[in-house]
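Before any comments, here is the structure.
Starting from 1, each residue takes its place in the sequence as its number. Note that ligands are numbered from 1 as they come in the structure, with each ligand's atoms numbered from 1 the same way.
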Amino acid sequence: MKKVLIGIGGLLALAILALVVKFFVLSPVVRAAPDVHAPTSAEAIARGKYLADHVAQCTTCHSTVDEKVPGDVVVEAKRGAGRMYPKEAGFPGNIRALNLTPDKETGIGSWTDGEVLRAMREGIGRDGRALFPLMPYQNFANLTDEDALAIIAYLRSLPAIKNDPGPATQIDFPVSMFIRAAPKPVEAPPPPPPADPVGRGLWLIQMESCGMCHDTMDSRHQPIEGKHLAGGQEFKIAAGTVYASNITSDKSTGIGAYTDEELLKVLNEGVTKNGRPLYLMPWAALKGLTDDDKRAIVAALRTIPPVNNTVPASAIR
Ligand code: HEC
Ligand code: HEC
């Protein structure tokens with residue numbers, strides 16, 4: 001009996017040691033911030049603005065939005081100046097999406113371009129910590145150097161706003177441990193996005209992080225395999241409780257029965273087929289996409305395999 005207990009104790013100690021090694025010694029995988037310099041041309045800034053405001057949505061997540069109006073509409077005077085994602089809203093801790101304007105104290109004014117690039121694509125904070133993956137760095141790992149540096153060029157061109165949205169990020173255990181294993185250096189240059197509409201649309205869907213809200217998640221908030229974009233996540237916001245729609249091509253529970261024009265209306269006006277305004281869905285940013293990019297998203301949505309999944313109706317107060 002004693003031997004068995006010692007055996008179990010030994011195994012437990014080994015298991016704990018393995019966890020410590022995996023999550024604390026070997027993680028996060030951090031490399032020095034690369035020595036890069038963002039361009040300063042008007043052309044690069046314009047390209048970065050399109051990407052940051054409408055494609056990668058940097059300035060949707062990193063800005064205060066008015067939750068009472070539909071569309072995740074950014075408070076324009078504070079564009080890019082940071083936002084808190086508090087524990088009360090269901091996050092595993094208090095998460096601060098930093099002020100991305102060039103203010104030296106509260107923003108990224110004193111960061112190097114390489115530090116911003118590393119945070120964006122590799123998920124590493126300035127101090128070497130692993131970022132909470134609500135920051136979609138795993139998606140941004142697919143941004144080319146040119147696109148990523150254009151985004152930084154645009155951020156550098158924003159008016160510096162002195163604004164600290166709240167205290168530094170504090171993630172609860174054990175989530176704080178698990179997230180340490182996710183960051184990966186981006187060493188080979190990511191390829192440019194495909195040029196054909198469906199390929200570009202799939203790239204846009206990844207950059208827009210549609211799946212972060214529309215994927216069906218398990219109880220640990222991990223996407224369930226085979227349920228990409230099948231909806232059902234619940235969000236409690238100031239305006240009520242909303243559920244992310246099933247946007248697979250299923251005809252009865254997804255958007256398979258929507259016409260292209262109806263889908264374009266979602267992206268342009270933020271209303272369902274029946275004309276109901278959509279909350280949380282960031283259409284205010286999406287409507288700024290070019291017509292070609294919107295049509296590419298629609299074409300790509302048509303290729304998402306149908307998943308039959310009925311989502312509860314959103315309840316707006
Ligand atoms: C879906 C929401 C979301 C999007 C989109 C997003 N971010 Fe973030 N970002 C966050 C959150 C939340 C954090 C805080 C993570 C943490 O502190 O662990 C963060 C952290 C960061 C950090 C690190 C700040 C620090 O405290 O060290 C940088 C830099 C950053 N984001 C830049 C960007 C850029 C550039 C883009 C667009 C390419 C972008 N983000 C898009 C949510 C987002
Ligand atoms: C921040 C979370 C979030 C992101 C990111 C997001 N959505 Fe949504 N979306 C929602 C929510 C929530 C709803 C339902 C809102 C409601 O019921 O008021 C919705 C509704 C929709 C609808 C309407 C379907 C219907 O029921 O009529 C479509 C289409 C859609 N989203 C497509 C997309 C696409 C495509 C992307 C990426 C380009 C995207 N969404 C990104 C949260 C999000």
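- For atom 34 (C) of ligand 1, the nearest non-hydrogen atom of the protein is Cys58 SG, 3.6 Å.
- Distances shorter than 4.0 angstrom occur between a heavy atom of Arg276 and an atom of ligand 2.
- Residue-to-ligand polar distances place Tyr258 within reach of ligand 2: an N/O pair is separated by less than 3.5 Å.
- Within the 4.0 Å heavy-atom criterion, neither part of Ile152 lies near ligand 1.
- Counting only N and O atoms by type, the side chains of Asn309 and Lys227 include no donor and acceptor under 3.5 Å apart.
- The shortest separation from a heavy atom of Trp111 to ligand 1 is under 4.0 Å, placing the residue in contact.
- Atom 8 (Fe) of ligand 1 lies under 2.8 Å from an N, O or S atom belonging to His62.
- Heavy atoms of Leu278 approach ligand 2 to within less than 4.0 angstrom.
- At a threshold of 2.8 Å, atom 8 (Fe) of ligand 1 has a backbone or side-chain N, O or S atom of Met135 nearer than that distance.
- Using a cut-off of 2.8 Å, one finds that Met281 contributes an N/O/S atom close to atom 8 (Fe) of ligand 2.
- Residue contacts with ligand 1: Phe132 is placed with a nitrogen or oxygen under 3.5 Å of a nitrogen or oxygen of the ligand (distance criterion only).
- Ligand 2 has at least one atom lying under 4.0 Å from a heavy atom of His214.
- Within the 4.0 Å heavy-atom cutoff, Arg129 counts among the residues contacting ligand 1.
- At the shortest separation from atom 36 (C) of ligand 2 among protein heavy atoms lies Cys210 SG, 2.8 Å.
- Tyr50 and Asp293 are linked by a side-chain donor-acceptor pair at a separation below 3.5 angstrom, with hydrogens and angles left out of the test.
- Annotation: atom 14 (C) of ligand 1 to nearest protein heavy atom, Arg96 O, 3.2 Å.
- Not a single heavy atom of Ser209 sits closer than 4.0 Å to an atom of ligand 1.
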